[in-house]
Amino acid sequence: MLMPLSRWQRTLIVAVLVLPMLMIIMLSLPVWLYLPFREAGRVFILDLIREFTKWIKAAKGE
């Protein structure tokens, strides 16, 4: 039988799930600063946001 998770375990699980997403955002920071000023860059950013949204929904199980 599974026991309920304690607070530190829940915090650790959330951190493990959120850290990769934060790392991707931080590593793509130069893209966010440069590309909005180009037409192709705006399209790229919208596609990237769409993919992040799909990834987050998949991680949540929706």
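Residue numbers count from 1 along this sequence.
When atom types are taken as modelled, the side chain of E51 and the backbone of L48 share no donor-acceptor pair closer than 3.5 angstrom.
In this structure the side chain of L35 never reaches within 4.5 angstrom of the side chain of R42, judged on heavy atoms. In this structure the side chain of L29 reaches within 4.5 angstrom of the side chain of L33, judged on heavy atoms. M21 has its side chain out of reach of F52: every pair of non-hydrogen atoms, C-beta onward, lies at least 4.5 Å apart. P36 has its side chain out of reach of F44: every pair of non-hydrogen atoms, C-beta onward, lies at least 4.5 Å apart.
Under the 4.5 Å side-chain heavy-atom criterion for Ile, Leu, Val, Met, Phe, Trp and Tyr, L22 and L27 are members of distinct hydrophobic clusters. In the hydrophobic clustering of ILVMFWY residues, with side-chain heavy atoms under 4.5 Å counting as a link, M23 and V16 come out apart. Under the 4.5 Å side-chain heavy-atom criterion for Ile, Leu, Val, Met, Phe, Trp and Tyr, V18 and L12 are members of distinct hydrophobic clusters.
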